[in-house]
Amino acid sequence: MALLQISEPGMSAAPHQHRLAVGIDLGTTNSLVATVRSGSAVCLSDERGRKTFPSVVRYCEDGRVEAGADALKAQKIDPINTISSVKRLIGRTLADLSKETHYLPYRFGNNERVIELNTRQGAKTPIEVSAEILKALKARAEESLGGDLVGAVITVPAYFDDAQRQATKDAARLAGLNVLRLLNEPTAAAIAYGLDNGSEGTFVVYDLGGGTFDVSVLQLTQGLFQVKATGGNSALGGDDFDHRVFCHILERADLSKLSEQDSQLLLALTREAKETLTTETSTTVQATLSDGHKVDVTITCQEFHQLTQHLVQKTIEPVKQALKDAGVTKADIKGVIMVGGSTRMLHVQQAVAAFFGQTPLNNLNPDEVVALGAAVQANVLAGNKTDGEWLLLDVTPLSLGLETYGGLAEKIIPRNSTLPVARAQEFTTFKDGQTAMTIHVVQGERELVSDCRSLAKFTLRGIPPMVAGAARIRVTFQVDADGLLSVSAQEQTTGVSAQIEVKPSYGLDDGTITQMLKEGMSNAADDKAARARAEATVEAESLMDAIKAALELDSDLLEAEELAKIEADITALQGSVENGHADEIRTAVTALSHSTDGFAAKRMNRNIQRALMGQSVDSI
């Protein structure tokens, strides 16, 4: 019998040749993974039908790593080893977090190059934590799609700097994902809206997530998505609204210093209260703390708006700047696309509507729109799109340049330059006989290097000795479609050159990433054995507890020899739990089960007799 081969619209002619690619919205609070099926982008669900994946990772006592909903459940009871909102930490240093660490329930290491979070499984970087989230999303996608992924488009906030972008790619590498492209979140949202609605004109994407705020001005025309300007704040999001309400509750309840567990409990309840106030006029936060102190605070919607109105206003300033950078006015804006779960807050909607003089667009789920747009882009980059091709032009969010004499920052690539981009500029020596030059690459809008972010340094050697100002050194900056930078320098008369792919000094270098990957593969067998042992231990302890309870009630049913045998097997099992491997524990469990078979039968007979006592045969 011949098989009929059918291909869906927008897919390759042979379904078996369709390349599996996904879009991943790696969010602060929740993450999603989406793909294109039958020509439409859809978010993938887990076995219980849940699309959102909590961006939470827990390092367990038995060596396991939990991610997602299971980790979220444990956050209140194990806050130190349960990491959430890690997106706010990725690509940053302790110095960057100096004002934030006091309310984060983690134990930070002293590494100045990269943030370390001390857990029961050792120090973990935000890159490693993010990798666990990406591993789980990859597994969900491959199980749902029934095959291996060729790659993923991962979204990042538009205002993520080079360090944060590189750290995100490093996390994907650790998770075993091939990154087809890093895509700005507002741009991903515009793709979803542009393709779904056929929209054309100038749009603003207002993206307020759990940990970051982005705004982009985009020009949408047939087949072209051009980002005109972008801005935002990578340290402003829904978490800040939660923290403001949290502080208010502490004041109302007359509380000062809390334990880590109590802080995490109240933060979780605060987050729930904030979500409730998006639809209700008031809510009550009630809790009993570890010291017995009871918290009972009612918050109205009006109070919540007053407490957090300044945070909403902090989002409007980057909006004004983005409009100015794009050379447009509020009157030129055809629509305002709302992205991110935090845009559900009523006073956020009202502030945006008041500023632009129009009702924001909400006809796509603000939680899913970024992942859907990323999936469409992934489908194109994987080579599945055969018609209706379109062009995406993104921009770099911050200026890139280098340090010149006197500690000044010379901008080579200005912010909002369309990607990919390459720019070159010539420099010279400032000392007679100078034979080397250190190239210090910086990022930022300030004039002094000390006010910008240092990205990398490298040295060009072999410059022929000349009088100051005679040498001609051409420095070229190249930024790829992911927003990642490479820099090269060449002395024009001799041709000597040097170059560097910019890896921020506080990120993870290739050697570290490679070592982590090797450790992950080499420890795979040990990790599997540890998991098997943990499962066997749980089974053994459950059996021993049940038998000990039964002996307390009915040990009189046993002969002395039978009792001694059971007690000896319990002792043997306990020894295996303490010192043996999984197979030894399971063998001891089997032995104890066999030695108690007779005891179980005697107990059953006794219980039947107890149940029938005082009843006649006729009544049964």
Side-chain angles (χ1 to χ4, degrees), residues 24-28 86-97 111-116 124-135 151-185 187 211-212 214 230 232 234-235 374 394-402 412-413 415 417 419-422 439-444 452-458 477-488 499-517:
I24 294 178
D25 176 7
L26 184 60
T28 305
V86 73
K87 185 174 179 178
R88 301 193 75 161
L89 307 180
I90 198 166
R92 305 178 76 189
T93 66
L94 281 176
D96 297 327
L97 301 179
N111 193 325
E112 296 181 359
R113 188 174 63 88
V114 62
I115 288 175
E116 289 182 341
K124 302 294 180 182
T125 68
I127 292 172
E128 293 171 279
V129 178
S130 299
E132 295 295 342
I133 298 169
L134 290 170
K135 282 180 190 175
V153 168
I154 301 177
T155 62
V156 293
Y159 223 60
F160 254 24
D161 61 25
D162 197 78
Q164 292 163 307
R165 290 169 188 269
Q166 186 61 59
T168 302
K169 289 197 81 171
D170 289 345
R173 287 179 60 193
L174 278 180
L177 275 170
N178 173 36
V179 180
L180 298 172
R181 183 168 182 180
L182 295 182
L183 183 65
N184 286 347
E185 290 165 0
T187 309
T212 57
D214 295 317
T230 188
S234 62
D394 218 333
V395 298
T396 181
L398 296 170
S399 297
L400 295 160
L402 49 78
I412 307 297
I413 296 180
R415 67 191 174 101
S417 297
L419 300 180
V421 61
I439 310 294
H440 182 196
V441 183
V442 296
Q443 185 173 35
C452 295
R453 177 159 233 171
S454 174
L455 293 183
K457 289 183 180 180
F458 68 102
F477 278 52
Q478 290 182 301
V479 184
D480 65 16
D482 292 331
L484 298 177
L485 170 68
S486 61
V487 181
S488 61
Q499 63 183 25
I500 186 172
E501 181 179 333
V502 174
K503 293 272 188 169
S505 58
Y506 37 81
L508 297 182
D509 57 30
D510 280 335
T512 305
I513 291 290
T514 302
Q515 183 62 29
M516 286 180 174
L517 290 171

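Keep in mind the model is a prediction, meaning the values are calculated, not measured.
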ask   = Any side-chain heavy-atom pair from L26 and K87 closer than 4.5 angstrom?
value =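 They are not in side-chain contact.
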task = Compare all side-chain heavy atoms of L400 with those of I412 and state whether any distance is below 4.5 angstrom.
result =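 L400 does not reach I412 side chain to side chain.
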Taking all heavy atoms of [X] and all of [Y], pick out the closest pair and write down the distance.
| X | Y | value |
| --- | --- | --- |
| S454 | V442 | CA-CG1, 4.4 Å |
| G91 | A163 | O-CB, 3.6 Å |
| L183 | A374 | CD2-CA, 4.2 Å |
| A172 | V179 | CB-CG2, 3.3 Å |
| A175 | A131 | CB-O, 3.5 Å |
| Q164 | I90 | CG-O, 3.3 Å |

How many angstroms lie between atom [atom1] of [X] and atom [atom2] of [Y], to the nearest 0.5 angstrom?
| X | Y | atom1 | atom2 | result |
| --- | --- | --- | --- | --- |
| L402 | L455 | CG | CG | 11.0 Å |
| R165 | K169 | CZ | NZ | 11.0 Å |
| I127 | I115 | CD1 | CD1 | 10.0 Å |
| L134 | I24 | CG | CD1 | 5.5 Å |

inquiry  = Can you list everything that forms a side-chain contact (heavy atoms from CB on, under 4.5 Å) with N111? Sequence neighbours excluded, please.
reply    = R113, V114, E116
message = Looking at E185 and D214, would you say the former's side chain and the latter's main chain have a donor-acceptor pair under 3.5 Å?
response = no
inquiry  = Tell me whether E128 contacts the main-chain N or O of T125 through its side chain, where contact means a donor paired with an acceptor under 3.5 Å.
reply    = yes
